[in-house]
Each structure stands twice: as C-alpha cells, then as structure tokens.
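Below, chains carry the letters A, B, ... as their sequence lines are ordered, and counting in each starts from 1. This one's a predicted model, so the numbers in the text were calculated from it and none came from an experiment. Note that these values count all heavy atoms, side chains included, but never hydrogens, waters or copies made by symmetry.
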Amino acid sequence: MIVIDFETTGLSPAYGDRATEIAAVRVEDGRIVDRYQSLMNPQRSIPSFITQLTGITNAMVRKAPPAAQVMAEVADFVGDQPLVAHNASFDSKFWDSELNRIGRCRQQPFVCSMLIARRVLPQAPSYKLGVLVDFAGLPRAARAHRALADAEMAAELICHLQRELMQRFQLAQVSHDLLQAIQRRPKSQLDACVRRLIAAQCAAA
DNA sequence: TGCCAGGCCCTCTTTAGGGCCTT
C-alpha cells in the first residue's frame, strides 16, 4: 500500500485551493521500502499563514515543476496500490481534484489512519498525526507539515495500528481490505466486526 | 490578502450543535 500526504494552499479544492507538495511512500511488510516527493507549482499564491505552517514559500513553488507533471509521476509511482492518508477525507479530495485536472481518475480506495486510530487507540489524548506518533512511541520526523515527513509518520502510524490489530486478534497480517472494512464501524462493534470478517475470509479460503 | 470545507464523533442527541482533523 501507499501512504500519501499533500501540502496545499488551503482546505478546499472546490474553492480553488491547489496542491503545493506531495509525498508518497510505499509500505511492504510493515516497513517503508520506497519514496516519492516533489514540490509542484500550484499556479496561485500561497497564503502567508500556510507558509508559516509549512515553510513552503511562493518562491519555492514558482521554481517547482508544473502540478500536471508531478501528478503524472506520482500517479505512476502509486499505480493501482491501495492508498492510506491521515484524515483521508482531506487528501482524497486533493488527490481526486489534481488527478482529474490531468484527465486521470482514482480506481483504488483510501484508508484513513485517523479513523483506524480512533478505534484501535481509544485512549489517545488526540488524533493529530504528531500526537499519535508520540503516543505510540514511534520515530518523529524532523520537519512536520512537510509532505515527506508527514507521509513517513503516517506510514509508521498505520504499520503500528496493523501490529496492534495483529496482536489483539492473533493475526499473521492485517490487509488494507480489513482496515477499509473497519474504519467506519462503531467502536463498540470493532471486536465483533473483525472476528466476523476474519471468519468470512477463512470460510472463503 | 484573507476568506472559503466537510466528514466524523460525542453528547447536555437523534426534529442538533459543536469540536476535531487536514492545509
């Protein structure tokens, strides 16, 4: 699976916001095995408070490759692998919007590491990416709010959540399909839901 | 330049409201 993270000019592509940076990390067997990262030219200005948050300036993206070129490259890097993002409702909007601009569309589903964390780590003090990484004792990336650092932290988090589920339910692996199936189930039904899904998979095998 | 969203989830709820999370 591939974990992605966007930096953008704002919160909503429907209101004209564009991506300024994307990172994608490939995860296999619980570890990061490959990375893609690039700034991109959004063809609009970045608000100052976004620059304060991310460190990405108008001068940086002015020199960056066009969004169309970057999105074509990252879409090829991702291929048909299933996707993960932290608060995926945000990244999926920009992924779909930027892909549509180059005449491509997403085929695969997203899993949201925030929704999974809410179910697997109900005792966490908050579900911000950095807080969850600290709470789980995972390595903290050097520069938060840059795409590659955040994608790597989200990748470490989803691997941790998979390990937690493997341990809790004595599983050899936790697939993207299983994560997708449980991410919107009520917390109170998590145990019963996972056991039912595992039984169904065993019966089908 | 600064504004813009929207789905999830809890509760003093369900004929609703508001905080969280992403940039």
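The cluster map of Ile, Leu, Val, Met, Phe, Trp and Tyr, joined by side-chain heavy atoms under 4.5 Å apart, puts A:Leu157 and A:Val84 in the same cluster.
Between the C1' atom of B:dT22 and the NE2 atom of A:His145 lies a distance of 9 Å, rounded to the nearest Å. The nearest whole Å value for the distance from the CZ atom in A:Arg119 to the C1' atom in B:dC10 is 13 Å. Going from atom CG of A:Leu115 over to atom C1' of B:dG6 covers 13 Å, rounded to whole Å. Atom C1' of nucleotide B:dT22 and atom CD1 of A:Ile116 are separated by 17 Å, given to the nearest angstrom. Rounded to whole Å, atom P of B:dT22 lies 15 Å from atom CD1 of A:Ile4.
Here, B:dC8 and B:dC12 have their P atoms 22 Å apart, quoted to the whole Å. Nucleotides B:dG17 and B:dT23 are separated by 25 Å at their C1' atoms, to the nearest Å. Comparing the C1' positions of B:dT22 and B:dC4 gives an interatomic distance of 15 Å, to the nearest angstrom. Going from the P atom of B:dG7 to that of B:dT13 covers 24 Å, rounded to whole Å.
Each of A:Arg44 and A:Gly130 was assigned the nucleotide of DNA chain B with the nearest heavy atom; the assignment lying further toward the 5' end belongs to A:Arg44. Summary of the strand contacts: A:Asn87 and A:Ser48 both lie near DNA chain B, and taking for each the nucleotide with the nearest heavy atom, the more 5' one is attributed to A:Ser48.
Checking B:dT23, B:dC21, B:dC8 against the side-chain heavy atoms of A:Lys128 singles out B:dC21 as nearest. Of the candidates B:dT22, B:dT23, B:dC21, B:dC21 carries the atom nearest the A:Ser126 side chain, counting heavy atoms from C-beta on. The side chain of A:Arg118 lies closest to B:dC20, out of B:dG6, B:dA5, B:dC20. Side-chain proximity of A:Arg184 to the nucleotides B:dC21, B:dA5, B:dC8 is greatest for B:dC8. Out of B:dC10, B:dC4, B:dC21, the shortest distance to the side chain of A:Tyr15 is found at B:dC4. Comparing atom distances between the A:Phe90 side chain and each of B:dC9, B:dT23, B:dG2 picks out B:dT23 as nearest. Between B:dG6, B:dT23, B:dC20, one nucleotide has an atom nearer to the side chain of A:Phe49 than all others, and that is B:dT23. The side chain of A:Asp5 lies closest to B:dT23, out of B:dT23, B:dC3, B:dC9.
Among the protein residues, A:Lys93 comes within range of the nucleic acid bases, having at least one heavy atom under 4.0 Å from a base atom. Using a 4.0 Å heavy-atom cutoff across all strands shown, A:Thr54 reaches sugar-phosphate atoms only and no base atom. Among the heavy atoms of the strands, none lies under 4.0 Å from A:Arg18. Residue A:Arg185 is classed as having no contact, given no heavy-atom separation below 4.0 Å to the nucleic acid. Within 4.0 Å of A:Phe94, counting heavy atoms only, lies no atom of the nucleic acid at all.
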>> I'd like to know whether A:Glu7 forms a salt bridge (Lys or Arg N to Asp or Glu O under 4.0 Å) with A:Arg146, so could you lay out the CA-CA distance, the side-chain angles of the two residues, the decisive distance to 0.1 Å, and finally the verdict.
In response: CA-CA 7 Å; A:Glu7 304 306 320; A:Arg146 285 299 298 265; over 6 Å; no
>> Show, in sequence, the C-alpha distance, side-chain angles and deciding distance for A:Asp17 and A:Thr9, and conclude whether the side-chain hydrogen bond (donor to acceptor under 3.5 Å, both in side chains) test is met.
In response: CA-CA 5 Å; A:Asp17 287 317; A:Thr9 63; 3.0 Å; yes
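Here the CD1 atom belonging to A:Ile46 is positioned 6.5 Å from the OG1 atom belonging to A:Thr54, to the nearest 0.5 angstrom.
A side-chain donor from one of A:Glu21 and A:Gln37 sits under 3.5 Å from a side-chain acceptor of the other.
Enclosure of atom CG in A:Asp76 by more than 12 non-hydrogen atoms of other residues, nucleotides or ligands within 6.0 angstrom is indicated.
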